[in-house]
Amino acid sequence: MKATALAHPNIALVKYWGKRDEALILPHQSSLSLTLAPMSVSTTVEFGAVSSDQVEINGHTAKGSERERVLRVLDVVRSETGGRLGPARMVSRGDFPAAAGLASSAAGFAALAVAARAAAGLPAEPKAASILARLGSGSACRSVQGGICEWRRGERADGADSYAVQRFEAGHWPELRMVVAIVNRDEKEVKSRDGMKHTVDTSPYYPAWVKDAEAEVPRAVEIIQRKDLQALGELAERNAWRMHATSLGAQPPLCYLHANTLGLIEHLREQRKKGTPVWFTLDAGPNPVLLTDAAHEVAAEALARACGAVDVVRCVPGGDAVLKSEHLF
Ligand code: DP6
């Protein structure tokens with residue numbers, strides 16, 4: 001009745017931006033990401049040992065929507081097992097440096113899904129765990145497995161065909177590097193969940209985004225198959241620009257870019273002209289994530305720091321979410 005799982009965050013190379021179903025978290029388009037080590041979140045779930053649900057995240061008792069999102073995932077597991085499990089205790093802890101600039105929710109919900117299923121005695125199935133993680137946060141469905149994962153949008157109204165599949169193991173391209181450049185530590189003003197809804201609802205560019213992003217996924221897979229860093233860098237950059245472009249087209253406009261984000265991007269372009277193979281991607285925030293290879297990660301870090309990055313986190317391809325024998329309580 002008790003299990004613990006560890007999962008890594010991921011960064012999308014083809015972004016997920018916009019839901020066709022808010023409640024089930026079903027996307028308008030497919031997306032593709034790289035799972036990132038070494039950062040991770042560990043989560044322990046135990047059913048039946050407490051009198052009411054308890055949710056603790058990074059040392060504090062979760063409240064409001066944070067708690068509701070966790071309970072939603074636990075409720076699905078409880079109903080799948082016929083309601084015999086009882087109240088749950090859940091404790092989750094991330095080892096993200098405070099300045100990592102990466103959302104821990106993807107790793108957190110992936111670890112929760114894997115741990116909750118194991119604690120309920122359900123078999124270890126990446127597909128079922130991915131669907132469960134998706135109900136907590138869309139991007140979490142891509143953190144159940146390592147390497148490169150593709151979240152297929154699916155067609156069904158119940159979401160049974162909307163989950164992530166692993167396209168390449170972490171070992172396929174071990175030299176690939178992601179360098180997170182923190183240019184601004186402030187909490188973002190508009191969360192991804194609200195920003196994407198606002199974009200879907202008001203941006204006239206949104207349909208073009210959906211069509212383009214869907215078509216980029218198989219291109220990205222083909223590029224990763226032949227390990228072409230330049231082609232992948234170019235694809236990741238244009239996809240990030242197009243996600244931000246569709247948001248800039250919303251009413252009122254949604255701009256996640258800061259002056260120093262653009263400064264870093266400009267400098268990166270100059271360095272590339274001089275021969276450093278480095279590209280960027282950008283989530284719904286001001287901090288670019290640089291894409292390069294092992295031979296150039298030191299140069300990528302130096303480039304970020306030269307542009308005023310207050311912190312830099314170097315990441316390598318990460319593995320699957322795994323069960324652990326040490327529990328958090
Ligand atoms: C820009 O997965 O955090 O990082 O499904 O509403 O929880 P919810 O959103 P979330 O959004 C991630 C958006 C993104 C792009 C990506 O990771 O694909």
Side-chain angles (χ1 to χ4, degrees), residues 7-36 41 64-66 68-70 72-73 94 96 100-113 130-144 148-154 159 162-164 178 180 187-201 203 206 209-210 212-214 216-217 220 235-237 239-248 250 254-257 261 280-289 291 315 318:
H8 298 290
N10 69 76
I11 282 280
L13 297 163
V14 178
K15 310 287 183 195
Y16 141 57
W17 195 242
K19 299 176 181 69
R20 65 179 200 274
D21 185 316
E22 299 281 325
L24 289 174
I25 311 197
L26 299 178
H28 274 292
Q29 29 81 220
S30 304
S31 55
L32 189 88
S33 60
L34 175 68
T35 303
L36 298 180
V41 173
S65 67
E66 197 182 26
E68 277 160 30
R69 284 165 75 177
V70 170
R72 170 143 201 245
V73 170
F96 285 42
L102 290 169
S104 58
S105 59
F109 281 107
L112 171 64
S130 179
I131 289 175
L132 186 60
R134 191 201 75 218
L135 295 170
S137 183
S139 54
C141 79
R142 301 185 310 236
S143 270
V144 168
I148 299 276
C149 292
E150 175 184 344
W151 177 10
R152 299 191 173 142
R153 71 181 290 281
S162 188
Y163 56 92
M178 293 279 214
V180 188
E187 184 118 331
K188 59 186 172 199
E189 279 166 39
V190 182
K191 290 192 185 338
S192 296
R193 185 160 290 192
D194 304 327
M196 66 175 83
K197 177 162 173 31
H198 178 62
T199 305
V200 174
D201 291 346
S203 178
Y206 190 72
W209 155 259
V210 171
D212 178 71
E214 193 66 45
E216 291 284 51
V217 171
L235 186 148
E237 283 197 2
N239 179 263
W241 278 128
R242 287 170 190 173
M243 183 193 102
H244 285 269
T246 184
S247 304
L248 285 164
L254 186 54
C255 182
Y256 287 106
L257 309 163
T261 312
F280 76 91
T281 182
L282 196 57
D283 277 347
N287 300 318
V289 179
L291 185 70
C315 307

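Throughout, numbering of the chain's residues begins at 1 and tracks the sequence. This one's a predicted model, so the numbers in the text were calculated from it and none came from an experiment. Note that ligands are numbered from 1 as they come in the structure, with each ligand's atoms numbered from 1 the same way.
Atom CD of Glu189 has 12 or fewer neighbouring heavy atoms from other residues, nucleotides or ligands inside a 6.0 Å radius. More than 12 heavy atoms of other shown residues, nucleotides or ligands fall within 6.0 angstrom of atom NZ in Lys19.
Remark: among candidates Arg142, Lys191, Lys15, the nearest residue to atom 17 (O) of ligand 1 is Arg142, based on non-hydrogen atoms. The option from Phe109, Tyr256, Trp151, Tyr16 that lies nearest to atom 12 (C) of ligand 1, judged by heavy atoms, is Tyr16.
Heavy-atom contacts of Gly138 reach the following atoms of ligand 1: 2 (O), 5 (O), 7 (O), 8 (P) (cutoff under 4.0 Å). Of all atoms in ligand 1, listed by their number and element, those nearer than 4.0 Å to a heavy atom of Arg69 are 7 (O). Of all atoms in ligand 1, listed by their number and element, those nearer than 4.0 Å to a heavy atom of Lys19 are 5 (O), 6 (O), 8 (P). Near Ile25, with a cut-off below 4.0 Å to any heavy atom, the atoms of ligand 1 are 5 (O).
At a heavy-atom cutoff of 4.0 Å, ligand 1 is contacted by both the backbone and the side chain of Ser137. Looking at Ser139 against ligand 1, both its backbone and its side chain come within 4.0 Å, counting heavy atoms.
Residue contacts with ligand 1 do not include Lys197, since none of its heavy atoms lies under 4.0 Å from the ligand. At least one heavy atom of Ala284 lies less than 4.0 angstrom from ligand 1.
For the side chain to side chain contact (heavy atoms under 4.5 Å, CB included) test with Lys15, the passing option among His244, Met243, Met196 is Met243; the others fail. Exactly one residue among Val217, Val14, Val210 makes a side chain to side chain contact (heavy atoms under 4.5 Å, CB included) with Ser30. That residue is Val217.
The two residues Ala106 and Ser139 make their nearest non-hydrogen contact at CB-OG, 3.8 Å. Of all the heavy atoms in Met178 and Leu291, the pair that sits closest is SD-CD1, 3.5 Å.
No donor-acceptor contact under 3.5 angstrom links the side chains of Thr199 and Trp209, judged on distance only.
Looking at Glu237, its side chain does come within 3.5 Å of a backbone N or O of Phe280 through a donor-acceptor pair.
Among protein heavy atoms, atom 11 (O) of ligand 1 sits closest to Met196 CE, 3.4 Å.
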